[in-house]
Amino acid sequence: MEIDHFSHEHRLTLVESENNISRMCTKMKCKACQKFCSVPLYACTQCSFYQHKSCAELPTEFRNPFHLHEPLILLFDADISFPCGACFKSCDGFYFHCEVCNFDLHVDCAFLMPTVEEGCKQLKHTTHMHPLVLVEKKYEVVNRVKCLVCGEHCFGPCYGCDPCGVFRHQPCAEFQYPKVLESFTHACPLALQTRVHSFCCQACDTCMMGICYHCERCLFYIDVECALLKSIKSNDGKQIKHFNHRHPLSLIEKFGDTDQVYCYACGKGSIEPTYVCNKCKGDFSLHKSCAGFAPKIYNVLLHPYHPLTLLLRPTNTNQVVVQCKACCGDCSDLTYRCDLCDFNVHEKCTNEVPTIKYQSDKHLLLLVEMKGTKANCNACKKPCECGSSIIRCLQCNFNLHVWCGPLPYTIKHKHIDDLTLVESPVEDESDDESHCDEFYCDVCEEDRDDPKLSIYYCAGSRYVAEVSCVISEINNTSARA
């Protein structure tokens, strides 16, 4: 029996008995599946071309549940190797191809039907054609593969497809990814691309295999970490994937009264619920309250040049004291950092917004409470004292005392009339020194820190406000200017 087959220029002859082939031929590989030949098979003895009978009779057109858009066409090219869209391994031989989507499946994955043990937790994930099964204890198996969402090695509870050798961290698999999102890194909306492929993230310049967000028009690709700017959590909240650590973290809710668990984010010990890395034998941990902070942020107002990453504080290294670029205080709590620029800022200071214009500086200035002592006023050359309010340019390290800087002349306050910036003491205070509330602030209802500093004042009602007590009103006024 002979057939014409698209994969070869000559007719192929059916061989059903080993007596009809030479001993040398038994060591030849099937051109379709790249496995050693066995009968029955089709052969072209003229070219030493062989195919298993089952491979030669594969359908030339096939619809697969993993790719429902278009039918897949059976192809063969002996000169190329391609990544399979299911198992992502490089394969040779016959493969199914979609010309419209440029999508490929090798034959084994196309017809693979996995078996699932009864009672196992399953998940139908958009990135794989088969149901994924939660693997609880197969650390020796999953530790050899990488999660195709975050690109890190799998460890601990993971969802996997054993026949395909495909796994995802539990939080990476269970997280509901938005289909479209906005990002500071790109002007256009970014769409979720669930087909796993190799790409280079254009935000952090990391090359990886996995899913991503992309802009098709601009050919812009960004990994999940840089797009979401937050950690992702499993459905039960007992595991998270924090992108500042390569392994998933497991929640431990209770510790002994004497067990102080160190947090790599805030640098403090506590017995509060904590996420711990079992793979690192507890050498990496985050308090539950700290794990909710974004591993990476983009703050175009305070640091427009690069993303800021949550600073980690390992216990086995000497702690280097860094200074917050906003308030000049020591960063001993949650801190974001840019290694390229040696730029550090307290998490609490990331909400500050520069709004004040000053003619001698090209940037907007920030009104902030001084926490350190390592800054001098560029106008009067005197030190800016800790606890005082200063006007500061983070990019230029330019500082001004509030009484030396460009404060707005009038501001709106909850007081009925507008408040006006005046020198202190005001005339009423100078004329009546016997009053015990002579240098009193009506906002905080306490004595003023320094009676010589400028104040905001309403002459009609003798209402006095220290500058430090009306910072929000000053910022709002400057922003409208």
Side-chain angles (χ1 to χ4, degrees), residues 181-190 202-205 213 220 222 225-231 243-244 265 290 292-311 322-331 333-372 374-375 377-379 384 388-402 404-408 411-412 467-468 470-481:
L181 53 75
E182 304 283 343
S183 173
F184 288 111
T185 59
H186 192 65
C188 307
L190 301 176
Q202 290 167 258
C204 65
D205 201 31
Y213 284 88
F220 180 88
I222 181 173
E225 172 190 356
C226 293
L228 295 177
L229 298 179
K230 64 178 180 180
S231 58
F243 290 106
N244 280 1
C290 297
F293 289 96
K296 184 185 295 184
I297 62 172
Y298 287 84
N299 193 313
V300 295
L301 297 176
L302 298 184
H303 190 66
Y305 313 111
H306 308 110
L308 302 175
T309 304
L310 189 64
L311 179 65
V322 295
Q323 188 181 69
C324 175
K325 288 291 185 179
C327 67
C328 299
D330 290 340
C331 294
D333 206 330
L334 289 168
T335 301
Y336 285 94
R337 172 175 173 79
C338 173
D339 286 330
L340 293 173
C341 304
D342 192 23
F343 180 95
N344 305 281
V345 60
H346 288 127
E347 185 278 327
K348 295 178 181 179
C349 291
T350 58
N351 296 321
E352 301 290 347
V353 180
T355 59
I356 299 173
K357 296 179 181 179
Y358 189 62
Q359 60 183 5
S360 65
D361 198 294
K362 61 182 179 180
H363 307 113
L364 291 176
L365 306 187
L366 178 70
L367 181 59
V368 66
E369 182 180 351
M370 184 74 174
K371 298 294 185 182
K374 298 179 180 179
C377 175
N378 287 68
C384 299
S388 64
S389 296
I390 64 170
I391 301 170
R392 175 169 171 75
C393 175
L394 276 64
Q395 283 77 26
C396 304
N397 196 26
F398 180 86
N399 308 290
L400 292 172
H401 292 118
V402 290
C404 296
L407 294 176
I411 61 171
K412 292 188 177 297
V467 171
S468 60
V470 288
I471 286 179
S472 60
E473 288 85 351
I474 294 173
N475 282 334
N476 290 336
T477 302
S478 300
R480 292 192 298 269

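Computed over heavy atoms, backbone and side chain alike; hydrogens, waters and symmetry mates excluded. Small disclaimer: the values here were computed from a predicted structure and weren't measured.
The CG atom of L367 sits 11.0 Å away from the CG atom of L400 when rounded to the nearest 0.5 Å. The CD atom of E347 lies 11.0 Å from the SG atom of C324; values are rounded to the nearest 0.5 Å. The structure places NE2 of H346 at 7.0 Å from CG of D333, a figure rounded to the nearest 0.5 Å. Between the CZ atom of F293 and the CG atom of L310 there is a distance of 8.5 Å, given to the nearest 0.5 Å. Atom CG of L366 and atom CG of L302 lie 6.5 Å apart (nearest 0.5 Å).
Taking the ring pair (Phe, Tyr, Trp, His ring centres under 6.0 Å) definition, one finds that F220 meets it with H186, sequence neighbours left out. Scanning for side-chain contact (heavy atoms from CB on, under 4.5 Å) contacts around N397 gives R392, N399, with sequence neighbours left out.
The main-chain N or O of K348 is never found under 3.5 Å from a side-chain atom of T350 such that the two would form a donor-acceptor pair. Q202 contributes no side-chain N or O that, together with a main-chain N or O of I222, makes up a donor-acceptor pair within less than 3.5 Å. No donor-acceptor pair under 3.5 Å is formed between the side chain of E182 and the backbone N or O of L190.
N344 places a side-chain heavy atom less than 4.5 Å from the side chain of D342. C327 places none of its side-chain heavy atoms less than 4.5 Å from the side chain of E369. Taking the side chain as every heavy atom from C-beta outward, K325 and C349 never approach each other to under 4.5 Å. Side-chain contact between H306 and C341 is present, with heavy atoms from C-beta onward closer than 4.5 Å.
Residue Q395 comes nearest to P304 through the heavy atom pair NE2-CD, 3.6 Å, listed as atom of the first residue, atom of the second, then distance. The two atoms that bring C377 and C384 nearest to each other are N-SG, 3.7 Å, heavy atoms only. Residues K371 and G329 approach most closely at CB-CA, 3.7 Å, considering heavy atoms.
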Could you give me the CA-CA distance, side-chain angles and deciding distance for K296 and T309, then say whether side chain to side chain contact (heavy atoms under 4.5 Å, CB included) is met?
CA-CA 4 Å; K296 184 185 295 184; T309 304; 4.2 Å; yes
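When each of N299, L311, L308 is paired with Y336, the side-chain contact (heavy atoms from CB on, under 4.5 Å) condition holds for L308 and for no other.
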